[in-house]
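First up is the structure itself, then whatever we jot down about it.
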Amino acid sequence: MCGVVGIVGKTDVNLQLYDALTMLQHRGQDAAGIMTCQGGQLSQRKDVGLVRDVFQPRHMERLKGNIGVGQVRYPTAGSSGPAMAQPFYVNSPYGICLAHNGNLTNASELLQHLFKSDLRHVNTDSDSEILLNVFAHELQLQGKLEPQPADVFAAVTRVHGRCHGAYAAVGMIANYGLFAFRDPFGIRPLVLGRRNTAQGTEYMVASETVALDVLGYEIERDVAPGEAVFIDMAGQLHTHQCAESPELAPCLFEYVYFARPDSLIDRISVYKARLRMGEKLAAKILRERPDHDIDVVIPVPDTSRISGQAMAETLGIKFREGLIKNRYIGRTFIMPGQKQRKRSVRQKLNPVKLEFRGKNVLLVDDSIVRGTTSKEIVQMARDSGAAKVYVASAAPPVRYPNVYGIDMPAANELIAHDRNVEEIAEAIGADWLIYQDVDDLISSAKEGNAKIKRFECSVFTGEYLTDGVDKNYLERLEASRSDGAKAAGNHPEAGDVLGLHNSNVGVGS
């Protein structure tokens, strides 16, 4: 999962891009990057680390120009390290950079075509660099000395024909403009905003509306599935539907976990969706255990807090903050190795023992992936004196791997894989475990936008939207994602891959 942003302004956009990336930091903490353009000259800064660490005043001074692209990343397809920081850049044609959120499910096939047919070289194992080169090749085939919006749209149309999977992309063509496009299912979010200044209208494209909010941009609309947007250097907006049969089917896990609660994604309030998740899960408890003996609801911070509050209100019992979070520890389900994950859970959360002692506690989490965190938290509750420990998940059992940009573990490392609810409860040490029903989760989100006919919810159902996700693909994915594979992997550093050690570069068009 990553966060992307692109801005066409009337003055330098470097600080705007920085502020937008800080608002999208929750979408990726592995690396960050910004590329800007002034007079055809591209300037770039990218490196591993948080936004605040990657960009120092000396870097910002070099990022000149009224048009730019940025990204925050956590590793999905490909290795981790400075070489994987985005945006990626190719010099032909014109000079193009691109930042991508999602995952291409036919990346291996595309890589072969790029090398053998398109005669293009890809430097890394990132599918984002593959996407950039496919777009660049298709744009070059238009054969124009100066590309027009129609040429960009023709290239995106051909990208849709070649690329399978999830992709929300923002990019820049040196001295010509900014482009953005979304896959034909709109799996990953992308929103367009504008603001009026004394100098004229400025445009922004970003993964979530919170990036627009902080900079005073008004939400124009979500980029439609299959749609492409092009904003030229004069600030003129051009849009075109580039897919033959687009259908909006956004990722349901965005509303469960990844997106910020103050965001709107495809006109659905993430906050309201999580409230509804809590209400529906509480209703399920009242149906299945009307005589429950729960004394207190305690959320696992931070994502489950909203659902937990709604559950407590519906159940008519106390809501307490019994787990205090250390905000300087990363997300544990994407950390390699069980020992590191267990250590991180204890560093990440500390119990307020008075809220547990002698009580029947209902712990509410947004989802249960590996179960490592849940098992440790249940034990924390018992160590703190809880009489009974119940667990509620605002999402259904996660039984299948994600192939659209979330680096979940291999299927056999998911705690719900080949286990029923009772077996999962026993595995995490809970006295009782209840999951959200898939239909209730879907309705919690769909209530915010009734026009959406279905969601991408393959992690719960095993039903994948795009072509090519078959048994062989999932077996290859499992081989690459397992803890053993990651422990054995030797990922190259940036200097080894790119032959570059200076992450500040200027490129003339």
Side-chain angles (χ1 to χ4, degrees), residues 1-9 13-36 44-55 59-60 63 68-76 84-88 97-103 128 166-172 178 180 182 186-193 195 202-217 219-220 222-223 229 250-251 253-266 268-271 302-303 327 330-331 334 404-407:
M1 187 67 61
C2 303
V4 297
V5 60
I7 300 176
V8 177
V13 296
N14 51 357
L15 294 179
Q16 288 191 61
L17 289 167
Y18 177 94
D19 288 342
L21 291 182
T22 62
M23 297 301 289
L24 298 174
Q25 186 75 85
H26 60 286
R27 300 188 68 87
Q29 300 91 43
D30 182 64
I34 290 175
M35 183 176 280
T36 60
Q44 172 182 271
R45 165 66 182 172
K46 59 181 182 177
D47 205 347
V48 295
L50 301 177
V51 174
R52 69 186 182 211
D53 299 321
V54 171
F55 302 103
H59 305 132
M60 301 304 293
L63 294 170
V69 172
Q71 194 228 34
V72 288
R73 177 184 190 267
Y74 90 72
T76 50
M84 300 298 164
Q86 298 184 31
F88 284 116
C97 77
L98 179 141
H100 163 221
N101 174 32
N103 184 55
S128 302
Y167 47 92
V170 178
M172 183 169 57
L178 182 138
R182 198 175 177 192
I187 296 172
R188 291 284 153 245
L190 198 63
V191 64
L192 172 67
R195 71 176 186 182
E202 300 180 321
Y203 287 96
M204 175 191 240
V205 182
S207 293
E208 293 186 33
T209 57
V210 289
L212 279 63
D213 294 339
V214 72
L215 292 166
Y217 282 78
I219 300 171
E220 186 79 0
D222 295 282
V223 176
V229 172
C251 174
F253 214 69
E254 289 276 358
Y255 303 97
V256 170
Y257 180 67
F258 268 102
R260 277 181 48 141
D262 45 344
S263 283
L264 293 171
I265 294 180
D266 292 308
I268 299 170
S269 164
V270 177
Y271 179 83
D302 285 319
T303 321
R327 301 183 184 280
R331 287 174 165 170
I334 59 174
Y404 297 123
I406 303 174
D407 190 24

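Each residue takes its place number in the sequence, starting with 1.
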Subject >> Nearest non-hydrogen partners of V48 and V54, listed with the distance >> reply: O-CG2, 3.4 Å

Original post:
Run the side-chain contact (heavy atoms from CB on, under 4.5 Å) check on E208 and M23 step by step: do they pass?
Top reply: CA-CA 9 Å; E208 293 186 33; M23 297 301 289; over 6 Å; no

Original post:
If you look at every heavy atom in Q71 and V4, which pair is closest and at what distance?
Top reply: CG-CG1, 3.7 Å

Original post:
If you look at every heavy atom in A169 and L98, which pair is closest and at what distance?
Top reply: CB-CD1, 4.0 Å

Original post:
Is the number of heavy atoms from other residues, nucleotides or ligands under 6.0 Å of R195 CZ greater than 12?
Top reply: yes

Subject >> Closest non-hydrogen atom pair, V205 against A180 >> reply: CG1-CB, 3.9 Å

Original post:
Are any non-hydrogen side-chain atoms of V72 and Q29 less than 4.5 angstrom apart?
Top reply: no

Original post:
Could R182 and D266 be called an ion pair, given the rule that one side-chain N must be under 4.0 Å from one carboxylate O?
Top reply: yes

**OP:** With rounding to the nearest 0.5 Å, note down the distance linking CD1 in I7 to CG in L15.
**Re:** 10.0 Å

**OP:** With rounding to the nearest 0.5 Å, note down the distance linking CG in N14 to OG1 in T36.
**Re:** 7.0 Å

**OP:** Answer yes or no: is there a donor N or O on one side and an acceptor on the other, between the side chain of K46 and the main chain of P87, under 3.5 Å?
**Re:** yes

**OP:** Look only at the side chain of Y18 and the backbone of I34, and say whether a donor-acceptor pair between them is shorter than 3.5 Å.
**Re:** no

**OP:** With sequence neighbours left out, write down each residue that passes salt bridge (charged side-chain N to carboxylate O under 4.0 Å, His left out) with E254, or none if nothing qualifies.
**Re:** R27, R188

**OP:** Could you tell me the separation between the CD1 atom of I219 and the OG atom of S263, rounded to the nearest 0.5 Å?
**Re:** 8.5 Å

Original post:
Got D213 and D262 here, is their nearest side-chain heavy-atom distance under 4.5 Å?
Top reply: no

Original post:
Taking atom CE of M1 and atom CG of D407, what is their separation to the nearest 0.5 Å?
Top reply: 10.5 Å

Original post:
Is there a donor-acceptor pair under 3.5 Å between the side chain of N101 and the backbone N or O of G3?
Top reply: no

Original post:
Is a side-chain donor or acceptor of Q86 paired with a backbone partner of R73 at a separation under 3.5 angstrom?
Top reply: no

Original post:
Of all heavy-atom pairs between P189 and S207, which one has the smallest distance, and what is that distance?
Top reply: CB-O, 3.3 Å

Subject >> Nearest-0.5 Å distance, OH of residue Y203 to CD of residue E220 >> reply: 6.5 Å

Original post:
Closest approach of A206 and L212, non-hydrogen atoms and distance?
Top reply: CB-CD1, 3.8 Å

Original post:
Rounded to the nearest 0.5 Å, how far does OH of Y74 lie from CZ of F258?
Top reply: 3.5 Å

Original post:
For M204 and V5, what are the C-alpha separation, side-chain angles and deciding distance, and is it a side-chain contact (heavy atoms from CB on, under 4.5 Å)?
Top reply: CA-CA 7 Å; M204 175 191 240; V5 60; 3.8 Å; yes

Subject >> Check against side-chain contact (heavy atoms from CB on, under 4.5 Å), I406 and Y257 >> reply: CA-CA 11 Å; I406 303 174; Y257 180 67; over 6 Å; no

Original post:
L190 and V170: side-chain contact (heavy atoms from CB on, under 4.5 Å), yes or no, with the steps?
Top reply: CA-CA 9 Å; L190 198 63; V170 178; 4.0 Å; yes

